[in-house]
Amino acid sequence: MPNLALKYRPKTLDALIGQSHLLGDSAILRKLITTDTLSHTFFYGPPGCGKTTLARVIATLLDKPFYEMNATTLKIEDLRKIFKEYTNALQKPLIFIDEVHRLSKNQQEVLLPFMENNAALIIGASTENPYYSLTAAMRSRSHLFQLEPIDEKELHTYLEKIIKLEDLTIEKDAKEYLVFSSGGDVRAMLNLLESAAAVESPIRLATLKQIRPHAMQAGSAESESHYELTSAMIKSIRGSDIDASIYYLARLIDGGEPAEFIARRLAILASEDIGNANPPALNLASSTLNIVKHIGYPEARISLSQLVIYLASSPKSNSAYMAINAALNSIKEGELYPIPSHIKTHAKTYLYPHDFGGWVEQSYLAVPKKYYASEQIGFEKTLWQWHEKIKSK
């Protein structure tokens, strides 16, 4: 069987899957491409969402010579050769640079004058947001667009098309797993399909799980049950039921839910439902998220179990969650107050608290507001006592 990802790589904008926010009929990126007004551009998004394919389609539509490079192996001499070759040419090339966040400062400086003179159309791609890795000069000469993972509905539709074109036979639950376990990555889905088709027909779920035991990336769900299981785990932790929390964690792991996705959900809970009632909960959640990124399954299950038990055992408070929501809601309702003049930069009437033993009476909001209400649960009680003691001076 030929490489399915290459065989069915889209060759037109209409054939591209997903990215309607960028490529829909009235979307701005589509208009820039079709009117040939696209300037230097950097795409970022997860693997398999179409970054390279989009660059190739753009080169075809604009009838530009296409050069594909990778920032990790890119040589400045190669760039200069390309620019020299097209110095007096009527048609300028499109240079596509993958892993653009790895461009060195020296490589970026070499690109700058050619970007400035439009000697080529530079398009970059990255799985990470390259904003902070690009110099200010590069950013000022380019646009940045985020591509999203392909959603499950579109993956299902695309999968059915490929199955029909390749005359494959596949069981229903195997189709579900192909979509779910690929996490919005079209290439990963087709590669798994290709491998399974090479060994059996009809393709079965058990075979797919032997090839890919765990789901890729984060945030997908095989079916509604996965969202329900995640919700059940969160609610069990919030309710301080350790055994139920561990049970639902085990269900998620057994169902192929990515360790990073679970850890991210737990990190949110650590702030939303525990907060300052037990501040170390957020630290442990952060550490667990970092750990599971590096070790993965099966060992990641142990770290996740430790975190779940700790969170379920912690005192619960949602006061931080409620406080920021209250403040944001007031702003949305138009409560925009001027900054008092005495706390503006270089204000001469500002009272420096350290000159008054750590606290001094002065206003920080033009209109007094109360967003935070301490539940005084767990460590929150200590924090509140500290706060009141400071003000009592």
Side-chain angles (χ1 to χ4, degrees), residues 44 128-140 143-144 146 219 231 234-235 237-240 260 263-290 293 307 310-393:
Y44 74 98
E128 301 178 18
N129 187 335
Y131 181 87
Y132 296 105
S133 59
L134 295 176
T135 63
M138 288 280 281
R139 295 198 303 268
S140 72
H143 297 310
L144 189 66
Q146 181 177 8
S231 175
I234 295 301
K235 288 172 181 172
I237 295 171
R238 186 181 293 138
S240 301
E260 285 184 50
R264 282 209 296 271
R265 294 294 303 161
L266 295 174
I268 294 168
L269 180 143
S271 281
E272 180 178 343
D273 294 298
I274 296 172
N276 286 323
N278 184 21
L282 184 58
N283 291 334
L284 183 59
S286 175
S287 297
T288 303
L289 178 56
N290 183 54
K293 281 181 179 179
L307 176 60
Y310 185 88
L311 296 177
S313 304
S314 294
K316 309 298 188 296
S317 172
N318 68 347
S319 60
Y321 169 77
M322 297 298 289
I324 188 60
N325 285 350
L328 287 170
N329 284 336
S330 72
I331 291 168
K332 288 178 182 177
E333 290 170 2
E335 295 181 9
L336 300 174
Y337 308 119
I339 299 171
S341 59
H342 62 276
I343 63 169
K344 288 186 176 180
T345 307
H346 306 306
K348 303 208 181 283
T349 54
Y350 170 60
L351 300 179
Y352 189 53
H354 295 291
D355 290 341
F356 298 86
W359 184 81
V360 62
E361 182 79 41
Q362 73 181 329
S363 62
Y364 295 93
L365 274 175
V367 176
K369 298 291 292 186
K370 188 171 179 61
Y371 300 113
Y372 174 64
S374 175
E375 299 291 338
Q376 298 195 43
I377 298 171
F379 193 72
E380 267 194 353
K381 185 174 182 179
T382 302
L383 286 176
W384 186 251
Q385 289 171 346
W386 286 355
H387 179 263
E388 293 303 290
K389 188 175 181 179
I390 289 170
K391 295 183 72 172
S392 70
K393 292 182 179 180

note = Here the pair of heavy atoms bringing Leu266 nearest to Ala285 is O-CB, 4.3 Å

query = To the nearest 0.5 Å, how far apart are CG in Leu365 and OH in Tyr371?
reply = 6.5 Å

message = Counting only heavy atoms not in Leu328 (residues, nucleotides, ligands), do more than 12 fall under 6.0 Å from its CG?
response = yes

ask   = Going through the checks in order, is the side chain to side chain contact (heavy atoms under 4.5 Å, CB included) test met by Glu272 and Arg238?
value = CA-CA 10 Å; Glu272 180 178 343; Arg238 186 181 293 138; 4.1 Å; yes

query = Could Lys369 and Glu335 be called an ion pair, given the rule that one side-chain N must be under 4.0 Å from one carboxylate O?
reply = yes

query = Do other residues, nucleotides or ligands put more than 12 heavy atoms under 6.0 Å from Tyr131 OH?
reply = no

Please tabulate, for side-chain N and O atoms in residues 348-357, each donor-acceptor pair with protein atoms closer than 3.5 Å (sequence neighbours left out).
none

task = Taking all heavy atoms of Glu260 and all of Leu289, pick out the closest pair and write down the distance.
result = O-CD1, 3.9 Å

Atom pairs and distances, donor-acceptor, side-chain atoms in residues 312-327, under 3.5 Å, two or more places apart:
unit_1	atom_1	unit_2	atom_2	d
Ser313	OG	Ile309	O	2.7
Ser314	OG	Asn278	ND2	2.9
Ser314	OG	Tyr310	O	2.8
Lys316	NZ	Ser240	OG	2.8
Lys316	NZ	Leu311	O	3.1
Lys316	NZ	Ala312	O	3.0
Lys316	NZ	Ser314	O	2.5
Ser317	OG	Ser319	N	3.3
Ser317	OG	Ser319	OG	3.2
Ser317	OG	Glu380	OE1	3.1
Ser317	OG	Glu380	OE2	2.7
Ser319	OG	Glu380	OE2	2.2
Asn325	ND2	Tyr321	O	3.4

message = Pair Ser374, Lys381 - check side chain to side chain contact (heavy atoms under 4.5 Å, CB included), show working.
response = CA-CA 8 Å; Ser374 175; Lys381 185 174 182 179; over 6 Å; no

request  = First locate atom NE2 of His342, then atom OG of Ser363, and finally report the distance between them rounded to the nearest 0.5 Å.
outcome  = 3.5 Å

task = For side chain to side chain contact (heavy atoms under 4.5 Å, CB included), just list the numbers for Trp384 and His387, CA-CA rounded to whole Å, side-chain angles, deciding distance to a tenth of an Å, and then say yes or no.
result = CA-CA 5 Å; Trp384 186 251; His387 179 263; 3.9 Å; yes

message = Measuring from atom CD1 of Ile274 to atom CG of Leu282, what distance do you get when rounded to the nearest 0.5 angstrom?
response = 9.5 Å

task = Supply the atom-to-atom distance Leu269 CG to Ile234 CD1, rounded to the nearest 0.5 angstrom.
result = 5.0 Å

query = How about Trp386 and Phe379: are their ring centroids closer than 6.0 Å?
reply = yes

inquiry  = Would you compute the distance between atom OG1 of Thr382 and atom CD of Gln376 and round it to the nearest 0.5 angstrom?
reply    = 9.5 Å

task = Start with the C-alpha gap between Ile331 and Leu336, add the side-chain angles, then the distance that decides, and say whether side chain to side chain contact (heavy atoms under 4.5 Å, CB included) holds.
result = CA-CA 6 Å; Ile331 291 168; Leu336 300 174; 3.6 Å; yes

